[in-house]
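All remarks here apply to the structure that follows.
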2 protein chains.
Amino acid sequence: MARTASAMRGQILESALRLFSVHGFRGTSLQDIASDAGCSKASLLYHFASKETILTELLTPARDALATLLDRVAGLERGRLVEETVIGYVDLALRFRREIRLLFEDIAEMSCHQTLNVLELADGLLDALAGHSRRAPSRVAAWMVLGAVFITSATEDEVAPDEVLRAEMIRSALRTLDHSPQCAADA
Amino acid sequence: MARTASAMRGQILESALRLFSVHGFRGTSLQDIASDAGCSKASLLYHFASKETILTELLTPARDALATLLDRVAGLERGRLVEETVIGYVDLALRFRREIRLLFEDIAEMSCHQTLNVLELADGLLDALAGHSRRAPSRVAAWMVLGAVFITSATEDEVAPDEVLRAEMIRSALRTLDHSPQCAADA
DNA sequence: ACGGTAACTGTCCGATCGGTCAGAACTGAC
DNA sequence: GTCAGTTCTGACCGATCGGACAGTTACCGT
């Protein structure tokens with residue numbers, strides 16, 4: 001074939017991003033990418049030094065964009081700081097959706113394929129968090145609480161002692177859901 | 001050796017959970033688990049039918065606990081529903097921390113080891129979201145927003161059109177941070 | 001003491017992976 | 001047409017993985 005270098009490179013990156021975001025980095029082989037991109041595995045390694053080089057090249061734009069955002073808000077006073085950061089972060093996350101998805105590797109795959117059908121449970125949890133509401137704001141907020149608690153509890157660095165962490169997570173979650181607590185502090 | 005069956009099984013599960021939560025499922029080999037548990041790889045497969053069986057057995061308690069929670073809150077009226085669900089979910093997440101961590105596989109590993117030092121950026125983002133505050137409530141809320149936006153934007157099912165999603169994410173995030181918006185709707 | 005059974009292991013296997021390499025196929029400049 | 005240089009590929013390699021299996025060891029009821 002011998003197309004121009006940049007064309008094949010672009011095709012490879014596109015295929016890689018798509019496959020990575022579905023099956024994860026480890027779950028996608030060079031052969032998978034090659035088949036999808038319509039070239040040989042050896043051709044991949046002609047254009048990219050290694051599998052990891054492909055990943056790096058895919059994530060670099062998102063990384064740079066985040067760095068730029070942090071630079072931009074660095075000098076702001078506290079009032080504007082939080083707001084600008086939030087807006088910028090949300091925009092970034094939406095722009096680099098597939099890149100974020102690939103970071104999750106195979107959480108989704110693992111959840112689906114397993115004997116334990118976690119998906120159904122997640123749906124139930126989501127529904128309860130949204131107070132059975134089907135309105136978009138409630139659903140979005142429910143998703144956010146789901147993710148927030150999930151990630152925060154997986155945090156490695158000790159943000160706070162467990163008791164404080166628990167109390168703050170509950171309060172923040174109820175705030176996220178715009179739910180005025182009735183007796184949030186009970187066990 | 002021939003210890004009692006349950007003792008070796010327990011040791012294997014313990015080693016597996018620890019290694020999975022650090023290096024991820026795919027990133028941990030049966031040999032790794034065997035070495036850590038102090039037995040042969042063949043011994044693993046005597047106690048467990050396959051690698052995946054180990055994973056299933058590890059996740060089952062968390063799955064069951066979540067199912068129990070959903071059952072318990074199923075009949076509640078809306079006022080109590082949200083609150084009980086949030087508290088129950090937070091407690092579950094903290095109780096099954098390591099299980100959750102293993103679901104993330106190697107996000108952490110990927111972030112660290114790469115040329116792009118994402119960790120430093122994440123710290124910066126966290127700091128900005130917390131409005132430079134070092135107080136625990138602010139830090140926890142910042143972590144929650146970080147995770148919330150991250151996961152919500154990775155969502156596959158269309159919760160809402162992108163514009164709605166964006167607006168709701170921003171509003172919810174600011175609510176989570178207990179930040180009264182000054183002009184949250186601007187671009 | 002002995003035989004059955006549960007616990008355990010060394011060794012091997014096929015599959016798959018990321019990566020190498022020599023050379024074929026194609027291109028554009030002259 | 002020729003030829004240098006780029007692009008691409010089939011075939012191969014070593015490593016590693018999950019798993020199979022026959023055989024060994026330790027335990028225990030009788």
Side-chain angles (χ1 to χ4, degrees), chain A residues 1-59 102-103 105-106 109-110 112-116, chain B residues 1-59 102-103 105-106 109-110 112-116:
Chain A
M1 297 297 167
R3 339 171 195 191
T4 66
S6 59
M8 191 73 255
R9 269 184 68 94
Q11 179 62 48
I12 290 172
L13 286 175
E14 171 63 28
S15 293
L17 178 54
R18 203 168 55 77
L19 292 175
F20 284 165
S21 71
V22 174
H23 306 109
F25 179 68
R26 291 219 177 108
T28 304
S29 70
L30 290 179
Q31 188 56 61
D32 292 335
I33 303 174
S35 300
D36 190 273
C39 67
S40 72
K41 189 180 66 167
S43 185
L44 294 188
L45 294 159
Y46 167 74
H47 289 289
F48 300 92
S50 69
K51 189 185 181 186
E52 205 170 320
T53 304
I54 301 179
L55 178 65
T56 303
E57 195 139 334
L58 283 177
L59 293 184
L102 91 79
L103 285 179
E105 294 253 334
D106 14 27
E109 276 207 327
M110 217 183 308
C112 295
H113 131 287
Q114 229 161 211
T115 320
L116 4 133
Chain B
M1 299 296 166
R3 337 175 196 188
T4 66
S6 58
M8 192 73 256
R9 270 184 68 95
Q11 179 61 49
I12 291 172
L13 286 175
E14 171 63 28
S15 293
L17 178 55
R18 203 168 55 76
L19 292 174
F20 283 165
S21 70
V22 175
H23 306 109
F25 179 69
R26 292 219 176 107
T28 304
S29 71
L30 290 180
Q31 187 56 62
D32 292 335
I33 303 174
S35 301
D36 190 274
C39 67
S40 72
K41 191 181 66 167
S43 184
L44 294 188
L45 294 160
Y46 168 75
H47 288 289
F48 300 92
S50 69
K51 188 184 180 186
E52 204 169 318
T53 305
I54 301 179
L55 178 65
T56 303
E57 195 139 335
L58 283 177
L59 294 183
L102 92 79
L103 285 178
E105 295 253 334
D106 14 27
E109 275 207 329
M110 215 182 310
C112 297
H113 130 287
Q114 228 161 208
T115 320
L116 4 132

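Chain letters run A, B, ... following the sequence lines, proteins first, then strands; residues in each count from 1. In this text the structure is predicted, and so the values were computed from the model without any measurement.
Distance from the side chain of A/Met8 is smallest to D/dC8 among D/dC8, C/dG18, D/dG19.
Rounding to the nearest 0.5 Å gives a distance of 8.0 Å between NZ of A/Lys41 and OG of A/Ser29. A distance of 9.0 Å separates CZ of B/Arg26 from CZ of A/Arg26, quoted to the nearest 0.5 Å. A distance of 5.0 Å separates CD1 in B/Ile12 from NE2 in B/His47, rounded to the nearest 0.5 Å. To the nearest 0.5 Å, the span separating OG on B/Ser50 from CG on B/Leu44 amounts to 11.0 Å.
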Kindly give the atom pairs (protein nitrogen or oxygen, nucleotide nitrogen or oxygen) under 3.5 Å for nucleotides 10-15 of chain D.
none

Please produce a list of atom pairs where a protein N or O lies less than 3.5 Å from an N or O of nucleotides 22-24 of chain D.
none

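Counting only residues at least two apart or in different chains, salt bridge (Lys or Arg N to Asp or Glu O under 4.0 Å) contacts with residues 27-38 of chain A comprise A/Arg18-A/Asp36.
The separation between B/Glu52 atom CD and D/dG19 atom P is 8 Å, rounded to whole Å. The nearest whole Å value for the distance from the CG atom in B/Leu44 to the C1' atom in D/dA20 is 14 Å. Rounded to whole angstrom, the span from the CZ atom of A/Arg9 across to the C1' atom of D/dC8 amounts to 15 Å. In this structure, CG of A/Leu45 is placed 19 Å from P of D/dT6, rounded to the nearest angstrom. Following rounding to the nearest Å, B/Leu55 (CG) and D/dG18 (P) show an atom-to-atom distance of 12 Å. Rounded to whole Å, atom C1' of D/dG18 lies 13 Å from atom CZ of B/Arg26.
In this structure B/Ser35 satisfies the side-chain hydrogen bond (donor to acceptor under 3.5 Å, both in side chains) test together with B/Gln31, sequence neighbours excluded. In terms of the side chain to side chain contact (heavy atoms under 4.5 Å, CB included) criterion, residue partners of B/Leu45 (sequence neighbours excluded) are, by chain and number, B/Leu30.
At the phosphate of D/dT7, OP1 or OP2 sits under 4.0 Å from a side-chain N or O atom of A/Tyr46. Between A/His47 and D/dC8 there is a side-chain N or O to OP1 or OP2 distance below 4.0 Å.
Contact record, A/Leu59 with A/Leu103: CD1-CD2, 4.3 Å, taken as the closest heavy-atom pair. Of all the heavy atoms in A/Ala37 and A/Met8, the pair that sits closest is O-CE, 3.7 Å. The nearest pair of heavy atoms linking A/Lys51 to A/Thr28 is NZ-O, 2.7 Å.
Within residues 28-35 of chain B, the residues approaching DNA chain D are B/Thr28, B/Ser29, B/Leu30, by heavy-atom distance under 4.0 Å.
You'll find the side chain of B/Ile54 reaches within 4.5 Å of the side chain of B/Leu58, heavy atoms only.
Checking B/Ser15 against B/Gln11 by side-chain atom types alone, a donor-acceptor pair falls below 3.5 Å. Between A/Thr56 and A/Thr53, the side chains place no donor N or O within less than 3.5 Å of an acceptor N or O (distance only, hydrogens not considered).
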* Structure fact -> With both pairing distances under 3.5 angstrom for Watson-Crick or G-U wobble, and | for a partner in another strand, the correct string for DNA chain C is ||||||||||||||||||||||||||||||
* **Intermediate values then yes/no, side chain to side chain contact (heavy atoms under 4.5 Å, CB included), B/Leu55 and B/Leu102** => CA-CA 10 Å; B/Leu55 178 65; B/Leu102 92 79; 3.6 Å; yes
